[in-house]
Amino acid sequence: MTKSELSELLHSTGVVVNEGIASQENINVYPRIVYWDYIWEDRLASGEVYEDWITYQVSFYSKTPKHPKLIELRNKLRDWNVHPIIYHEFVEEDKVWHSYFAVEVTEDE
């Protein structure tokens, strides 16, 4: 999966999506997805050429645990044969559920 394919997959849920940080107009929209890269890795591919692998954190915020759109997202990832471990926490001060996971992608061509 490339970064563009990941972005397209996230947007295909119909949930508000922001890369990096939530925009001002989306900060109180639920559910919402925010994703960002936090690991860049060079991997040696065939022919002594390096590929850029990038790990993104995908955060899903909702007012209810295991929101149906989160389940939909998990199912879409399964269609790509991507099976991340999804962590959950309740953010007391905001009264929201934060579900998050890591996804490795390759750099867009």
- Minimum-distance pair of heavy atoms, taken over all atoms of L70 and K66: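 Here L70 and K66 meet closest at CD2-CA, 4.3 Å.
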
How many angstroms lie between atom [atom1] of [X] and atom [atom2] of [Y], to the nearest 0.5 angstrom?
X: E5; Y: T106; atom1: CD; atom2: OG1; result: 7.5 Å
X: H83; Y: W80; atom1: NE2; atom2: CH2; result: 13.0 Å
X: I85; Y: F101; atom1: CD1; atom2: CZ; result: 12.0 Å
X: M1; Y: E104; atom1: CE; atom2: CD; result: 12.0 Å
X: H67; Y: T13; atom1: NE2; atom2: OG1; result: 10.0 Å
X: L9; Y: T2; atom1: CG; atom2: OG1; result: 10.5 Å

- Worked check of side chain to side chain contact (heavy atoms under 4.5 Å, CB included) between V17 and Y35: CA-CA 8 Å; V17 177; Y35 71 109; 3.6 Å; yes

- Item | Worked check of side chain to side chain contact (heavy atoms under 4.5 Å, CB included) between Y56 and I54 | CA-CA 6 Å; Y56 279 84; I54 301 159; 3.5 Å; yes

- Message: For Y100 and Y87, take the angle between the two ring planes, folded into 0 to 90°, and tell me which bin it lands in: parallel under 30, tilted 30 to 60, perpendicular over 60.
- Response: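 Parallel: the ring planes of Y100 and Y87 meet at under 30°.
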
- Query: Going by the angle between their ring planes, with limits at 30° and 60°, are H98 and Y61 parallel, tilted or perpendicular?
  - Reply: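 The arrangement is parallel - the two ring planes meet at less than 30°.
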
- Polar side-chain atom of S7 near backbone of S4 as donor-acceptor pair, under 3.5 Å: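 No.
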
- Between S62 and K69, a side-chain donor and acceptor under 3.5 Å: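 Note: S62 and K69 side chains miss the donor-acceptor criterion.
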
- Begin with the C-alpha distance, continue with both residues' side-chain angles, and end with the deciding distance and a verdict on side chain to side chain contact (heavy atoms under 4.5 Å, CB included) for I33 and H11. CA-CA 9 Å; I33 296 170; H11 282 89; over 6 Å; no

